Asker: 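Please see the structure below; I have some questions.
Owing to the predicted nature of the structure, the values given are computational and were not obtained by experimental measurement. Counting convention: from 1, in listed order, for ligands and their atoms alike.
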Amino acid sequence: MLSGKVVLTADHTLMSDYRHNEFLGFGACAPPNFIPNWLYRWLFFPPIKAENGKPAAAPYGLRKIEAQLLSEGFNVVTVSPQHLRKYLDEARVLGIHVMDPFGLGPASSTFASILKKEPFLAQYFRALMENPDMQKAKKQGMKIIVGGPGSWQLQYRLNFVKHYGIDCVIMGEAENVIGKIVRSAMRNEELPKFYEVPVADAPAVDEIPDIVNPSVNGLIEIGRGCCRGCQFCSVTLRPLRWYPYEKIAREMKLNIEKGRAECMCLHAEDVMLYGSKNTIPNEDKLLRLHEMVAKQSNSIAWSHCSLAAVAAKPKLFAQISEIVRQKQAWWGAEIGIETGSAELAKKVMPAKAHPFKAEDWPEVVKTGMGLMHDYRLIPAATIIVGAPEETEDDVIRTIELIEDLKDCRSLIVPLYFVPMGRLKDEDWFKHAELTGAHRELLVKCAEHDFRWVNDLIESTFAGKLYSNVLRSFYKFFARLARYKIRQAGIPLEA
Ligand code: SF4
């Protein structure tokens with residue numbers, strides 16, 4: 001074992017199990033609002049239990065890094081942020097996992113521009129960095145390395161990086177490089193301030209270690225990458241890899257054995273394409289995967305799926321729903337609608353509708369959303385506002401599509417365009433650029449969400465006595481939010 005300890009952590013908004021509902025995690029993207037901060041945190045991102053400072057579960061990406069470093073012989077411990085003090089004296093390296101550290105991600109930047117305040121996740125990240133024990137350890141020579149899906153944001157905050165003495169920021173899949181960088185840090189060698197992992201260094205499936213401690217909400221990857229090539233997305237730049245059943249089963253077993261069997265959240269950019277080499281779902285593999293998970297877990301969730309894959313195989317989707325609903329009444333996933341305009345779809349996401357044609361995108365959305373409604377997958381769907389080349393007519397088509405989806409049980413979240421992927425050199429969309437049509441689109445999304453929110457709360461907190469209490473809190477919060485929006489002069493339907 002290498003001498004010196006590596007301590008891994010993340011801020012409070014990431015060290016939560018969101019009451020076993022990933023949807024609630026969206027709450028950390030909002031800024032402080034009309035209820036006290038402590039109550040908001042209790043509702044949306046309560047702290048995860050920790051024993052001796054070690055969290056019962058941690059973000060999956062952090063667990064992967066922990067596993068990789070352990071496999072290379074490092075002395076590693078993952079610690080909850082409120083317990084850092086106890087571990088920092090011995091730490092030679094502190095690794096910090098970030099998701100959206102400055103609130104520049106699409107959801108948080110949209111909420112922040114509308115409410116004109118810094119989102120919770122940015123506030124908690126700064127609070128973590130301001131921890132006096134961390135600054136003390138830094139003065140004694142500890143190195144700070146930041147990584148995770150949101151690490152790109154530090155490029156836009158160079159003063160922050162300097163001020164808090166961040167030694168190295170890793171962007172991309174780090175399994176093949178983290179050991180080398182941590183080793184250099186321990187030898188006090190100069191580290192690259194920013195290190196973007198080249199696509200060629202993305203690990204192959206057999207180079208990705210299994211996690212060795214539980215992940216938040218039983219999240220386990222079933223694959224990485226995406227073949228659809230949307231221009232605004234950075235995931236698509238990486239190779240597509242699917243994990244074999246055995247690897248998935250091992251991580252599932254680990255979570256179950258360590259007491260996290262409440263839920264297994266299958267993570268991929270499109271769970272419906274598990275094991276597929278193109279955009280047509282592979283029936284055998286998908287059914288086998290779900291049967292395997294259903295046998296062992298108390299409930300199943302998906303991280304993401306595509307409307308096109310659901311619409312392409314309605315019968316298969318119905319079969320999967322049947323397997324999932326042996327365990328639960330519904331399940332959730334994030335999906336991307338992005339636009340209701342076939343013209344814009346052709347320009348910025350020509351393969352999103354595949355195997356259907358891009359010009360059929362609005363119909364694909366309606367079919368996919370209708371199937372999700374019928375078979376009780378509840379989607380949290382995103383819409384991009386202000387994509388490059390978007391015209392007024394594109395926005396009007398999106399408004400019409402949302403009206404057409406009004407009977408589909410879902411949340412629809414509008415997100416201001418953030419330059420990423422092949423569009424990373426484009427300009428950010430700014431609140432001041434909102435047109436009348438954009439405002440109408442935002443109102444339509446809010447009306448849609450308020451129409452469904454009580455149904456979603458009922459579905460989420462059905463059953464137990466404790467759930468009844470929570471349900472009342474969330475319903476009260478939703479009513480208050482609606483009241484405040486109308487009070488601000490925004491014309492929501494009665
Ligand atoms: S389908 Fe989703 S993950 Fe795939 S490229 Fe498009 S936005 Fe990215």
Side-chain angles (χ1 to χ4, degrees), residues 22 26 60-61 99-100 105-107 109-110 148-150 152 171-173 199 202 219 221-243 265-282 302-313 317 332-342 344-358 360-362 364-365 367-369 372 377 379-390 398 410 412-424 426 429:
E22 293 284 323
F26 263 124
Y60 185 83
M99 189 69 86
D100 189 2
S109 60
T110 306
W152 60 274
M171 297 172 289
E173 295 180 28
V199 172
L219 187 142
E221 270 180 335
I222 59 169
R224 288 187 187 179
C226 176
C227 58
R228 292 193 187 270
C230 303
Q231 294 199 355
F232 46 80
C233 175
S234 47
V235 172
T236 202
L237 304 175
R238 297 185 213 131
L240 179 63
R241 291 142 291 169
W242 294 113
Y243 297 174
C265 178
L266 303 180
H267 187 283
E269 302 310 328
D270 189 350
V271 172
M272 278 292 287
L273 292 186
Y274 173 67
S276 166
K277 292 194 175 69
N278 50 35
T279 54
I280 313 279
N282 181 320
W302 288 0
S303 65
H304 307 81
C305 75
S306 71
L307 289 154
V310 170
K313 291 277 182 180
F317 184 63
E334 279 179 46
I335 61 160
I337 294 177
E338 324 303 12
T339 179
S341 159
L344 189 61
K346 276 196 268 181
K347 287 182 204 156
V348 297
M349 45 184 219
K352 188 101 162 168
H354 215 270
F356 305 98
K357 294 191 189 118
D360 295 332
W361 177 242
V364 173
V365 173
T367 307
M369 291 285 280
M372 289 177 181
L377 185 152
T382 53
I383 296 279
I384 299 180
V385 177
E389 297 193 63
E390 178 200 78
T398 306
S410 54
I412 300 181
V413 189
L415 306 175
Y416 292 175
F417 171 75
V418 168
M420 288 200 275
R422 295 194 183 94
L423 299 181
K424 72 175 166 33
E426 298 286 339
F429 181 78

Asker: Considering heavy atoms of the protein only, find what lies nearest to atom 2 (Fe) of ligand 1 and give residue, atom and distance to 0.1 Å.
Answerer: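 The answer is Lys352 NZ, 3.8 Å.
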Asker: State the NZ-SG distance between Lys352 and Cys230, to the nearest 0.5 angstrom.
Answerer: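 Between Lys352 NZ and Cys230 SG, I get 4.5 Å after rounding to 0.5 Å.
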Asker: Looking only at non-hydrogen atoms, find the nearest pair between Val418 and Gly105 and report the distance.
Answerer: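 Closest pair (atom of Val418, atom of Gly105, distance): CG2-C, 4.2 Å.
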Asker: Output yes when a side-chain donor or acceptor of Trp361 lies under 3.5 Å from a complementary backbone atom of Ile337, and no otherwise.
Answerer: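 Flag set: sc Trp361 to bb Ile337 pair under 3.5 Å.
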Asker: Do Phe356 and Thr367 make a side-chain contact, defined as non-hydrogen atoms from C-beta onward lying under 4.5 Å apart?
Answerer: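 Not in contact.
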Asker: In this structure, is the centre-to-centre distance between the rings of Phe417 and Phe429 below 6.0 Å?
Answerer: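 So the answer is no for these two rings.
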Asker: Give me the number of protein N, O or S atoms whose distance to atom 8 (Fe) of ligand 1 is under 2.8 Å.
Answerer: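 Every protein N, O or S atom under 2.8 Å from atom 8 (Fe) of ligand 1 counted, the figure is 1.
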Asker: Counting C-beta onward and ignoring hydrogens, is there a side-chain heavy-atom pair between Lys347 and Thr339 closer than 4.5 Å?
Answerer: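 SC-SC contact between Lys347 and Thr339 ruled out.
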